[in-house]
Every structure is written in C-alpha cells, then in structure tokens.
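Just below is one structure, and these are the notes that go with it.
The chains referred to below are lettered A, B, ... by the order of the sequence lines, with proteins before strands, and numbering in each begins at 1.
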Amino acid sequence: MNYWLMKSEPDVFSYDDLVRKGKEHWDGVRNYTARNNMRAMKKGDTALFYHSNIDKAVVGIMNIVKEAYQDPTTEEIAWVCVDVAPKEKLKNPVTLAAIKANPKLADIKLVKQGRLSVCDITKAEFDEIIRMSKQK
DNA sequence: GCCAACGTTGGC
DNA sequence: GCCAACGTTGGC
C-alpha cells in the first residue's frame, strides 16, 4: 500500500466535484515524473487531494480504484490516467502553511518539489497530515 | 499580476 | 550531450 498526493485547482476540479461524481479519471497530466508516479499506483492505494492556488490545502482522502491506462484526452501513448474515488473529506483542511510549519513534514515533496502535481508521500507523512486534520 | 522554480525543447 | 531559451506551475 502506497500513499500519494494529487493536486488540482479547485475552480477546475475540486474534492466536492469528485464526491458529486463518485468517481473520476485523473487525466491531463503532462509531466513525466507525475506520470511515472501514476504508473506506480496500485488499486487500493490511498491519495490525498490537495487544492492548489486558491485553497492551498489538503482537503480530502481518495482511493485509487483503477490503475494507469491510456489517457483518453490525448492520442499520445506516453500519457496515462488513473481512476480515483472519494474516501473521506477531512474535517479540517490542512493548509500548506501548516504543513510548512510542521518540522515532521519538512521533507514532504509537496513542499520540496512544489510544481509536481502527483507525488508520493510516506506513511508517516500521511499519518501526520491526517492527525493535523483532526485537531482544531 | 508577478516572479521563482523547474521541466522541456532545440540549436550547436 | 550540453546549455540557453522558453513555457508552465503555483505561491505570494
């Protein structure tokens, strides 16, 4: 079981949109590192949903429900997408500022490699963010 | 809206 | 295969 963090701009596609749809393919990724991460995803893996730009916060948890397959939004075989489904909305969003302020999360790729839209996180990092989401 | 960081492209 | 130029992302 692996843990991931996936970013989306909430005015384009938000966690609530995902909840409304029940399931969505995560397509449109055009970055090799992000793609490689998606290829490494296994059905049943867990991913955090991060809102970039406006919220700048982790807002929910998702399940990977289908492993990487050809991205339907392009003819190029280089690109893939995965299917995700909502698992749980965080009680309190965990903001980027809070993540940056937490020394336990100093090495998280979200901060270290800000532009990467799909990154892997450790179980410790995942657990810490979940813990933060449960406290006021 | 600006700018820093970083990935990609293309000329050599 | 290097590196400059350019484009894109995302935080502020």
Side-chain angles (χ1 to χ4, degrees):
Chain A
M1 154 84 93
N2 287 303
Y3 296 90
W4 310 93
L5 184 145
M6 302 170 92
K7 292 188 198 175
S8 178
E9 297 185 29
D11 48 353
V12 177
F13 186 69
S14 71
Y15 189 78
D16 288 338
D17 291 333
L18 179 63
V19 170
R20 211 168 298 129
K21 298 195 94 171
K23 184 180 113 169
E24 185 61 291
H25 34 264
W26 199 279
D27 57 23
V29 171
R30 298 291 182 270
N31 170 286
Y32 286 103
T33 307
R35 181 206 64 183
N36 291 343
N37 284 333
M38 293 211 295
R39 280 192 176 158
M41 288 179 181
K42 294 270 181 269
K43 193 174 171 180
D45 279 357
T46 302
L48 293 174
F49 195 123
Y50 175 81
H51 280 176
S52 65
N53 260 309
I54 299 169
D55 278 356
K56 280 168 287 172
V58 176
V59 294
I61 310 168
M62 304 184 284
N63 281 324
I64 306 302
V65 295
K66 188 172 177 184
E67 292 173 20
Y69 59 99
Q70 173 67 36
D71 185 337
T73 64
T74 177
E75 297 287 305
E76 295 173 55
I77 55 162
W79 305 113
V80 299
C81 64
V82 295
D83 285 359
V84 297
K87 184 180 185 185
E88 191 184 338
K89 188 172 182 170
L90 298 186
K91 206 164 141 199
N92 303 300
V94 178
T95 65
L96 181 64
I99 289 169
K100 281 184 171 172
N102 186 334
K104 284 182 192 163
L105 299 173
D107 289 329
I108 196 168
K109 294 224 174 71
L110 174 67
V111 175
K112 282 234 161 154
Q113 211 174 343
R115 288 189 49 198
L116 186 57
S117 61
V118 178
C119 51
D120 60 300
I121 56 175
T122 65
K123 182 171 192 312
E125 288 163 349
F126 176 83
D127 289 344
E128 181 64 14
I129 288 172
I130 297 307
R131 194 186 64 75
M132 290 165 78
S133 76
K134 287 176 179 163
Q135 66 189 16
K136 258 285 167 216

Holding to side chain to side chain donor-acceptor pair (under 3.5 Å), I want the full list of residues that pass it with Thr73(A), two or more places apart in sequence or in another chain. Arg30(A), Asp71(A)

By side chain to side chain contact (heavy atoms under 4.5 Å, CB included), which residues pair with Asn31(A), not counting sequence neighbours? Thr33(A), Ala34(A), Leu116(A)

Any residue meeting side chain to side chain donor-acceptor pair (under 3.5 Å) with Arg115(A), in chain and number order, not counting sequence neighbours: none

Quick one: which residue pairs count as a ring pair (Phe, Tyr, Trp, His ring centres under 6.0 Å) with a foot in residues 98-132 of chain A, not counting sequence neighbours? Tyr3(A)-Phe126(A)

Non-neighbouring partners of Trp26(A) that pass ring pair (Phe, Tyr, Trp, His ring centres under 6.0 Å), sequence neighbours left out: Phe49(A)

Residues in residues 25-34 of chain A with a heavy atom under 4.0 Å of DNA chain B, by number, are Asn31(A), Tyr32(A)

Could you run down nucleotides 3-12 of chain C 5' to 3' and tag each one B, S or - for protein heavy-atom contact under 4.0 Å? ----BBBSBS

Which residue pairs pass the ring pair (Phe, Tyr, Trp, His ring centres under 6.0 Å) test with at least one member in residues 85-122 of chain A, sequence neighbours excluded? none

Could you tell me which residues satisfy side chain to side chain donor-acceptor pair (under 3.5 Å) with Lys7(A), sequence neighbours excluded, listed by chain and number? none

